[in-house]
Amino acid sequence: MSNLLGGLNPPQHAAVTLPPQHALILAGAGSGKTRVLTTRIAWLLQTGQVGPHGILAVTFTNKAAKEMLLRLTAMLPINTRGMWIGTFHGLCNRLLRAHHRDANLPQLFQILDSADQLAAIKRLLKGLDVDDEKYPPRDLANFINGQKEAGLRPDAVEAWDEYTRKRVELYREYEAQCQREGVADFAELLLRSYELLQRNEPIRHHYQGRFRHILVDEFQDTNILQYRWLKLLAGGGANLFCVGDDDQSIYAFRGAEVGNMRDFEREFRVDNVIRLEQNYRSHGNILDAANAIIKHNAARLGKNLWTDAGSGEPIRVYEAFNDTEEARWIVEEIKSLAAEGLARREMALLYRSNAQSRVLEHALFSAGLPYRVYGGLRFFERQEVKHALAYLRLIANADDDGAFLRVVNFPARGIGARTVEQLQDAARMEKVGLHETAKRGGKAAAFAALIDRLKAACEGLTLPETVEQVLTLSGLRAHYQAEKEGQDRLANLDELVNAAENFVAEEGNVDAEGEVSGELAAFLAHASLEAGEHQAGEGDDALQLMTVHSAKGLEFDVVFISGLEEGLFPHENSVREDKGLEEERRLMYVAVTRARKRLYISHAQTRMLHGQTRYNLPSRFFDEIPAELLKWLTPKLARGPAAVPGRPTFAAPRRPAWAEPAPAAVVRRSAAQETGGFRIGQNVAHAKFGQGIIVNAEGAGSDARVQVNFGREGVKWLALSVAKLTAV
DNA sequence: CTGAGAATGATTTTT
DNA sequence: TCATTCTCAG
């Protein structure tokens with residue numbers, strides 16, 4: 001046991017060995033959160049306080065769940081089979097499969113991923129003849145998911161206006177459609193299993209009695225329903241051990257409720273919150289910067305990271321002339337770091353929004369620097385894989401109309417939109433599935449027969465054999481073989497067979513019964529719940545490009561945070577309310593704490609965004625970092641030559657001599673933009689609004705007006721004859 | 001049914 | 001700007 005606890009610092013040790021009780025662990029970035037969580041489980045098991053059966057550990061991502069399992073098996077020579085360790089959705093799926101009758105679901109119910117759900121909603125609107133301009137499918141999906149995540153069924157949603165009433169009605173219809181087709185979306189997995197536990201006393205008692213210790217990772221990311229789900233499961237006296245960091249809550253926009261942490265502390269009478277504040281990742285200056293930034297947020301649970309690793313290097317700051325030049329500088333910097341022997345995979349380039357990656361990628365590509373962008377299409381989301389899965393879904397559940405529609409004419413077999421529409425009308429009239437309707441004759445009968453034939457052909461086959469059969473008999477293989485550009489897609493189809501093989505080989509994926517139908521259903525669930533790796537190329541030494549959001553949980557020796565500008569980071573859509581701004585600040589906190597040894601932050605005076613040149617002020621986050629932690633690589637917030645009021649200056653924004661020539665659009669201005677004695681891109685000061693930057697101008701003489709971006713004060717049009725503007 | 005051109009709109013994302 | 005979606009002609 002001693003080796004289990006060896007090397008833990010006092011708060012970590014305290015957390016791991018806490019006697020049975022509810023606990024809230026405030027775990028700062030890089031403070032050994034996962035280690036504490038897994039060691040806690042190992043300790044509970046090793047001290048005999050609980051058997052594997054009594055453990056429930058829940059995470060948000062499959063990656064985190066796998067990591068936990070991996071570390072646990074490394075610590076203890078134990079069979080992890082009996083333990084419930086997984087994502088919220090994964091565990092709910094498990095629960096619903098085990099009790100599908102009580103949950104009123106078919107045994108082989110399918111899981112809709114977001115794309116499937118959207119398609120289902122579009123289909124629903126079409127069938128009901130609802131104007132999808134007035135009720136955009138995406139909005140409706142958000143609405144429905146939002147209600148489900150708040151634990152509300154259509155009957156429980158309060159609708160005061162006609163519009164909401166209609167949306168609730170559509171929610172109701174959507175539910176009916178899903179039920180008819182035997183499918184469940186992500187939010188449904190949560191809500192359905194919550195309701196199952198709530199309504200079914202024997203089942204609830206069983207699980208409440210079984211799970212003695214419930215451990216939650218990233219607790220700050222739980223939504224209302226997830227918290228209620230946890231409370232329900234813990235209702236039989238289990239100990240809830242929640243680990244999280246309110247300062248790293250960056251998912252409020254998708255329903256995460258940081259308030260759950262406070263609520264948990266209160267409702268479960270957690271009297272000693274344990275804080276993990278010693279950071280094992282970053283050098284001191286980086287942590288000081290992070291601490292200083294996050295201090296600007298109100299209503300924190302409170303935490304201050306520290307390290308004994310020494311303060312390290314200052315944070316390097318760069319002010320670029322424009323986005324292209326910023327990218328060029330980053331490339332140079334990375335090249336020289338690489339020349340010093342630093343692995344490229346240890347360097348990350350972070351940005352607030354995906355649109356920013358283009359310029360960066362362009363520069364990297366031109367320089368021949370290998371890089372890898374996170375966030376592309378994932379394996380199970382690829383078109384050809386989705387098609388293959390649709391056939392498999394139809395074998396498992398012929399009522400799956402979504403799958404039916406996806407492949408009824410793919411590969412093309414002469415079943416056009418007209419035919420499909422007739423089929424849908426008929427199906428609606430008789431209240432049966434499309435497959436059933438198709439069987440009764442008409443053009444699609446052959447397709448229905450194909451599905452039945454597939455099903456028969458796969459009887460008794462193993463999962464990989466089934467996939468193989470489907471690829472061939474469906475004509476998918478032949479289709480892509482005939483296509484000129486089909487080679488990659490063919491390779492992915494082969495990869496799907498591999499995935500099936502691996503899935504079967506992997507222990508724990510298939511429950512003991514092991515019958516083929518169960519195997520298939522489990523594989524399909526796996527495909528929906530775990531869309532696969534973002535992109536290949538793990539092995540090679542490439543620079544890592546990603547949004548700040550996707551960087552959460554990762555760490556790198558060197559981190560660049562680019563585009564630190566008002567409007568971009570913090571994002572303009574977020575600065576209106578305090579809540580939004582605080583989340584942006586937490587995002588910045590997350591970004592900063594990714595760096596181990598060296599941190600670069602940069603901004604550009606001018607940036608091309610959505611086809612327009614934008615002039616952004618430097619992000620307020622620069623001001624929130626103590627100046628002594630920063631090392632300016634460019635003159636500190638130096639400004640261009642001051643304009644003498646009344647005497648026009650036409651100088652372009654300040655640009656280092658060595659920078660590439662400014663793009664024509666910037667140099668060549670229209671007459672209107674030049675008028676008024678101030679120039680676009682110039683920094684100015686206003687008595688009331690403070691400092692800003694001129695983003696537009698029009699008129700001349702006494703009519704001259706300029707548009708100024710005052711950052712947090714907003715963007716304003718000012719008449720030069722009235723407003724007292726001074727050049728800075 | 002397909003493919004070219006227009007229209008549109010653009011934080012952040014996992015399951 | 002640019003990627004995606006939509007529309008309409010062939």
Side-chain angles (χ1 to χ4, degrees), chain A residues 58-65 86-94 111-118 122 132-133 136-138 141-142 145 148-149 184-191 193 217-218 221-223 225-226 249-256 323-324 350-359 361-362 374-378 380-381 409-410 412-420 525-534 546-553 563 565 567-576 580 583-584 586-588 590-591 607-614 663 665:
Chain A
V58 57
T59 65
F60 276 86
T61 64
N62 293 299
K63 201 174 152 201
T87 63
F88 277 103
H89 295 86
L91 296 175
C92 287
N93 176 49
R94 193 164 171 180
I111 300 170
L112 301 185
D113 67 18
S114 323
D116 296 332
Q117 182 190 33
L118 193 63
K122 282 182 181 161
D132 60 0
E133 302 263 290
R138 211 165 277 280
N142 284 337
N145 293 336
K148 289 189 183 184
E149 279 159 19
D185 60 45
F186 288 136
E188 185 67 27
L189 294 178
L190 252 312
L191 184 52
S193 62
D217 187 23
E218 305 275 22
D221 287 339
T222 51
N223 62 33
L225 183 56
Q226 285 160 340
S249 159
I250 56 174
Y251 286 115
F253 72 91
R254 66 175 198 215
D323 48 354
T324 320
L350 310 184
Y351 35 80
R352 173 65 237 266
S353 58
N354 289 306
Q356 287 167 255
S357 78
R358 182 162 302 116
V359 188
E361 284 188 69
H362 181 80
Y374 273 65
L377 251 199
R378 296 151 100 203
F380 286 111
E381 291 168 354
N409 196 35
F410 194 96
R413 39 177 82 87
I415 302 172
R418 203 66 262 280
T419 313
V420 172
H526 165 82
S528 298
L529 291 173
E530 191 170 350
E533 282 299 314
H534 261 308
M546 66 192 84
T547 63
V548 178
H549 280 94
S550 10
K552 189 177 162 209
E565 293 141 43
L568 251 188
F569 197 4
H571 197 276
E572 53 198 351
N573 297 356
S574 310
V575 291
R576 312 259 160 249
E583 180 141 321
E584 293 290 305
R586 291 192 291 268
L587 207 46
M588 181 63 186
V590 168
R607 178 179 298 275
M608 201 63 151
L609 197 66
H610 307 326
Q612 275 185 315
T613 308
R614 306 229 325 195

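By convention in this document, chain letters (A, B, ...) are assigned in the order of the sequence lines, proteins followed by strands, and residues within each chain are numbered from 1.
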Walk me through whether Arg607(A) and Val359(A) qualify under side-chain contact (heavy atoms from CB on, under 4.5 Å). CA-CA 10 Å; Arg607(A) 178 179 298 275; Val359(A) 188; 5.7 Å; no

Which of these nucleotides, [options], is closest to any side-chain atom of [X]?
| X | options | result |
| --- | --- | --- |
| Asn354(A) | dT15(B), dT11(B), dT12(B) | dT12(B) |
| Ser353(A) | dT11(B), dA10(B), dT15(B) | dT11(B) |
| Asn409(A) | dT13(B), dT15(B), dC1(B) | dC1(B) |
| Arg254(A) | dT13(B), dT12(B), dT1(C) | dT13(B) |

Salt bridge present between [X] and [Y] (N-O < 4.0 angstrom):
| X | Y | result |
| --- | --- | --- |
| Glu584(A) | Arg352(A) | yes |
| Arg378(A) | Asp113(A) | no |
| Glu361(A) | Arg358(A) | no |

So which one's nearest nucleotide on DNA chain B is more toward 5', Gly90(A) or Phe253(A)?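 Its nearest nucleotide being more 5', the pick is Phe253(A).
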
With DNA chain B as reference, determine whether His89(A) or Ala412(A) sits nearer its 5' end, using the nearest nucleotide of each.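 That would be Ala412(A).
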
To the nearest angstrom, how far is [X] atom [atom1] from [N] atom [atom2]?
| X | N | atom1 | atom2 | answer |
| --- | --- | --- | --- | --- |
| Tyr374(A) | dT12(B) | OH | C1' | 17 Å |
| Asn573(A) | dT11(B) | CG | C1' | 6 Å |
| Gln117(A) | dT13(B) | CD | P | 18 Å |
| Leu189(A) | dT14(B) | CG | C1' | 13 Å |
| Asp221(A) | dT15(B) | CG | C1' | 13 Å |
| Tyr351(A) | dT12(B) | OH | P | 10 Å |
| Arg576(A) | dT11(B) | CZ | P | 13 Å |
| Arg586(A) | dT12(B) | CZ | P | 18 Å |

Kindly indicate, with the supporting measurements, whether the criterion side-chain contact (heavy atoms from CB on, under 4.5 Å) is fulfilled by Ser114(A) and Phe186(A). CA-CA 8 Å; Ser114(A) 323; Phe186(A) 288 136; 4.1 Å; yes

Regarding Asp185(A), tell me which of base, sugar-phosphate or nothing describes its non-hydrogen contacts under 4.0 Å with the strands shown.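 Nothing: the residue Asp185(A), judged by heavy atoms under 4.0 Å, touches no strand.
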
So what does Glu584(A) hit on the nucleic acid, given a heavy-atom distance under 4.0 Å: a base, only sugar-phosphate, or nothing?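 Touches a base.
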
Which heavy atom of Leu189(A) sits nearest a heavy atom of Leu529(A), and at what distance?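 Leu189(A) and Leu529(A) have their closest heavy atoms at CD1-CD2, 3.9 Å.
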
Check: Thr547(A) side chain, dT13(B) base, donor-acceptor under 3.5 Å: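 Result: no qualifying N/O pair found.
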
Between protein and nucleotides 2-10 of chain C, map the contacts as a letter string: B base, S sugar-phosphate only, - none, heavy atoms under 4.0 Å, written 5' to 3'. SS-------

Using the rule for Phe, Tyr, His and the six-membered ring of Trp, do Tyr251(A) and dT14(B) stack at under 5.5 Å and under 30°?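 Aromatic stack with dT14(B) absent for Tyr251(A).
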
Does dT11(B) have His571(A) stacked on its base, where the ring centres are within less than 5.5 Å and the planes differ by under 30°?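 Whether judged by distance or by angle, His571(A) passes, so it stacks on the base of dT11(B).
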
For the CZ atom on Arg413(A), are there more than 12 heavy atoms of other groups (residues, nucleotides or ligands in this structure) within a distance under 6.0 Å?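 Result for CZ/Arg413(A): enclosed.
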
On a whole-Å scale, what distance lies between the C1' atoms belonging to dT11(B) and dC6(C)?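 To the nearest whole Å, 24 Å.
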
What interatomic distance, in whole Å, is found between P of dT13(B) and the corresponding atom of dT4(C)?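 Per the computed distance, 15 Å lies between those P atoms.
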
Is the ring pair Tyr251(A)/His549(A) parallel, tilted or perpendicular, if the boundaries are 30 and 60 degrees?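 Plane angle between 30° and 60°, so tilted.
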
Taking OP1 and OP2 of dT13(B), is either one under 4.0 Å from a side-chain nitrogen or oxygen of Ser550(A)?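 So the side-chain polar atoms of Ser550(A) do come within 4.0 Å of the phosphate oxygens OP1 or OP2 of dT13(B), strictly under.
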
I want to verify the glycosidic state of dT12(B); is it syn or anti under the 90° rule?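 dT12(B): anti.
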
